[in-house]
Amino acid sequence: LLLAQTLMYHCERTRRPTARARRQLDALHVAVLLPVYNEDEGYLHLGLESLLAQSRRPDSVHVVDDGSASGDYAAVRARWLRAASEAGVVTTWVRQANAGKRHAQAAGVRQSPGADVYVTVDSDSCLAPNAIAEILLPLARARVQSVAGIVLATNHRANLLTRITDLWFTTGQLTDRSALSAMGSVLVNSGPLAAYRAPVVRDNLDSYLNETFMGRPVMFSDDSLLTLYALLRGKTVQQPSAVVFTALPERAKHFSKMYCRWMRGSTIR
């Protein structure tokens, strides 16, 4: 199994479309969905700035504050709305009662019903300058329905836990997920950066918001469910050149909560 996986992950290739395909990708309306809940203002500001610094800017960005109790982000919101307007990027910023990440993403989808591609990011995601341009490239192939980015840690130097977690993340993405990507069968996309053809999200929005397991609502493991929707329609791949930086848990308690949530989602899937 190890030898087979090693062969498979060496077969993964960064997609490089033709000039014609690149022009077709440039014509797509790319909408970024950005849910926010009790995020550090510094990380949020950094992430929003990175969207405007893209070599291929998104056509629209939809920020949804999911009832944050830590504040209303008034200063960050004002700076962002001004900067986005100056850059010519359509944006919305709405606040709703706390309902969970899925409902926040759905609010962004409803703000951009005409989008061709939805790029999902987290509120602490800081994109590399070419991240959006790179993550769109595999979509030049009609069968590709979703694309995962590569996640690196913003705070990997914080302590030993973040160093080990960053190493674990990187290794897992460039071995396990690369092997699956070579077959067009990625099972879980990255929460901090992923791209989906818009119908994958829009057509499944009702079931996405109302998932249950043994009679109980499921409001976690959202990335794996979106990836599953995409896999049912075609190929799901990873783009190793699409890089995003995110903040990892710095305390064992927070890491344990994150990992238990992932394992619960993995068990359901």
Side-chain angles (χ1 to χ4, degrees), residues 15-36 39-66 68 72-96 104-140 144 146-147 149-150 154 190-202 205 239 241-246:
R15 272 65 178 182
R16 294 297 175 195
T18 63
R20 178 184 177 186
R22 192 178 293 273
R23 289 194 297 272
Q24 292 174 339
L25 292 174
D26 289 341
L28 297 176
H29 182 109
V30 177
V32 172
L33 308 178
L34 201 168
V36 180
E39 186 58 75
D40 176 82
E41 289 195 6
Y43 277 126
L44 179 57
H45 177 64
L46 190 66
L48 289 169
E49 280 192 330
S50 74
L51 293 174
L52 296 184
Q54 293 297 299
S55 57
R56 198 286 194 196
R57 287 175 177 165
D59 298 281
S60 61
V61 177
H62 306 281
V63 184
V64 179
D65 181 355
D66 189 40
S68 296
D72 60 2
Y73 304 106
V76 176
R77 182 177 185 272
R79 286 198 301 268
W80 163 250
L81 293 177
R82 182 171 60 253
S85 176
E86 292 172 354
V89 174
V90 176
T91 189
T92 59
W93 186 308
V94 298
R95 180 179 172 87
Q96 65 180 22
Q105 289 175 326
V109 170
R110 296 185 185 104
Q111 294 286 337
S112 52
D116 299 301
V117 176
Y118 289 117
V119 173
T120 59
V121 299
D122 288 341
S123 54
D124 58 1
S125 296
C126 180
L127 278 62
N130 65 341
I132 290 182
E134 291 296 315
I135 205 166
L136 291 178
L137 296 182
L139 295 176
V144 174
S146 76
V147 187
I150 296 291
T154 305
S190 304
L193 177 61
Y196 301 88
R197 293 196 186 275
V200 170
V201 180
R202 281 198 297 258
L205 201 57
Q239 179 74 337
S241 55
V243 177
V244 60
F245 298 89
T246 191

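Model, not experiment: these values are computed from the prediction.
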**Q** Can you tell me if R56 uses its side chain to pair, donor with acceptor, with the backbone of I132 under 3.5 Å?
**A** no
**Q** How close do A106 and L205 get, heavy atom to heavy atom, and via which atoms?
**A** CB-CD1, 3.9 Å
**Q** Within the side chain of T154, is there an N or O that forms a donor-acceptor pair under 3.5 Å with the backbone of T246?
**A**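 Such a contact is found between T154 side chain and T246 backbone.
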**Q** Testing the 3.5 Å rule here: is there a donor-acceptor pair between the side chains of D66 and Q96?
**A**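 A donor-acceptor contact under 3.5 Å links the two side chains.
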**Q** For the atom pair CG (L193) and CD1 (I150), what is the distance rounded to the nearest 0.5 Å?
**A**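 These two atoms lie 9.5 Å from each other.
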**Q** Could you check if a side-chain atom of D116 sits within less than 4.5 angstrom of a side-chain atom of R197, using non-hydrogen atoms only?
**A**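 Counting from C-beta outward, D116 and R197 never come under 4.5 Å.
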**Q** Taking only residues two or more places apart in sequence or in another chain, which ones pass side-chain hydrogen bond (donor to acceptor under 3.5 Å, both in side chains) with S85?
**A**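 For S85 there are no side-chain hydrogen bond (donor to acceptor under 3.5 Å, both in side chains) partners, ignoring immediate neighbours.
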**Q** A side-chain contact here means heavy atoms from C-beta on lying under 4.5 Å apart; do V64 and L34 qualify?
**A** no
**Q** Main chain of L127, side chain of S50: is a donor-acceptor contact present, judged purely on distance under 3.5 Å?
**A**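 Checked: pair present.
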**Q** How far does NE2 of H62 sit from CG of L33, to the nearest 0.5 angstrom?
**A**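 Rounded to the nearest 0.5 Å, the NE2-CG separation comes to 7.0 Å.
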**Q** If you compare all heavy atoms of V89 against all heavy atoms of S60, which two are closest, and at what distance to 0.1 Å?
**A**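 The pair with the smallest heavy-atom distance is CG1-CA, 4.2 Å.
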**Q** Could you grab the distance from atom OG of S125 to atom CZ of F245, nearest 0.5 Å is fine?
**A** 11.5 Å
**Q** What pair of heavy atoms forms the shortest contact from A87 to L52, and how long is it?
**A** CB-CD2, 4.0 Å
**Q** Go through the steps for L48 and V63 under the test side-chain contact (heavy atoms from CB on, under 4.5 Å), then give the verdict.
**A** CA-CA 10 Å; L48 289 169; V63 184; 4.1 Å; yes
**Q** Taking side chain as C-beta onward, heavy atoms only, is Q24 less than 4.5 Å from L28?
**A**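 Side chain of Q24 against side chain of L28, heavy atoms only: no contact under 4.5 Å found.
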**Q** Just verifying a value: how many Å separate S112 OG and Y118 OH, rounded to the nearest 0.5 Å?
**A**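 So the gap between those two atoms works out to 4.0 Å.
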**Q** Are the side chain of N130 and the backbone N or O of A133 linked by a donor-acceptor pair below 3.5 Å?
**A**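 Here the side-chain-to-backbone pair does not exist.
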**Q** Taking distance alone, no hydrogens or angles, what donor-acceptor pairs closer than 3.5 Å link side-chain atoms of residues 75-84 to residues at least two apart or in another chain?
**A**
{"residue": "W80", "atom": "NE1", "partner": "T91", "partner atom": "OG1", "Å": "2.9"}

**Q** Using 0.5 Å steps for rounding, measure from the OG atom of S68 to the CZ atom of R95.
**A** 6.0 Å
**Q** Rounded to the nearest 0.5 Å, what separates atom CG in L137 from atom CD in Q239?
**A**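 It comes to 5.5 Å.
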**Q** Of all the heavy-atom pairs spanning A195 and I135, show the shortest one and how long it is.
**A**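 Heavy atoms only, the tightest pair is N-CD1, 3.8 Å.
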**Q** Around R20, counting heavy atoms of other residues, nucleotides and ligands shown, do more than 12 lie under 6.0 Å from its CZ?
**A**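 Result for CZ/R20: open.
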**Q** Measure across L25 and P17 and return the closest heavy-atom pair with its distance rounded to 0.1 Å.
**A** CD1-CG, 4.3 Å
**Q** Output yes when a side-chain donor or acceptor of R202 lies under 3.5 Å from a complementary backbone atom of A115, and no otherwise.
**A**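 Looks like yes, one N/O pair under 3.5 Å.
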**Q** Indicate every side-chain donor-acceptor pair of residues 39-47 with a distance under 3.5 Å to a residue at least two apart or in another chain.
**A**
{"residue": "E39", "atom": "OE1", "partner": "S123", "partner atom": "OG", "Å": "2.6"}
{"residue": "D40", "atom": "OD2", "partner": "G42", "partner atom": "N", "Å": "2.9"}
{"residue": "D40", "atom": "OD2", "partner": "Y43", "partner atom": "N", "Å": "3.1"}
{"residue": "H45", "atom": "NE2", "partner": "E49", "partner atom": "OE2", "Å": "3.1"}

**Q** Please confirm whether the backbone N or O of T18 pairs with a side-chain atom of R23, one donor and one acceptor, at under 3.5 Å?
**A**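 Such a contact is absent between R23 side chain and T18 backbone.
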**Q** Stepwise, does the side-chain contact (heavy atoms from CB on, under 4.5 Å) test hold for Y196 with V117?
**A** CA-CA 6 Å; Y196 301 88; V117 176; 6.0 Å; no
**Q** Start with the C-alpha distance between V119 and V30, add both sets of side-chain angles, then the distance that settles side-chain contact (heavy atoms from CB on, under 4.5 Å), and finish with yes or no.
**A** CA-CA 7 Å; V119 173; V30 177; 3.6 Å; yes
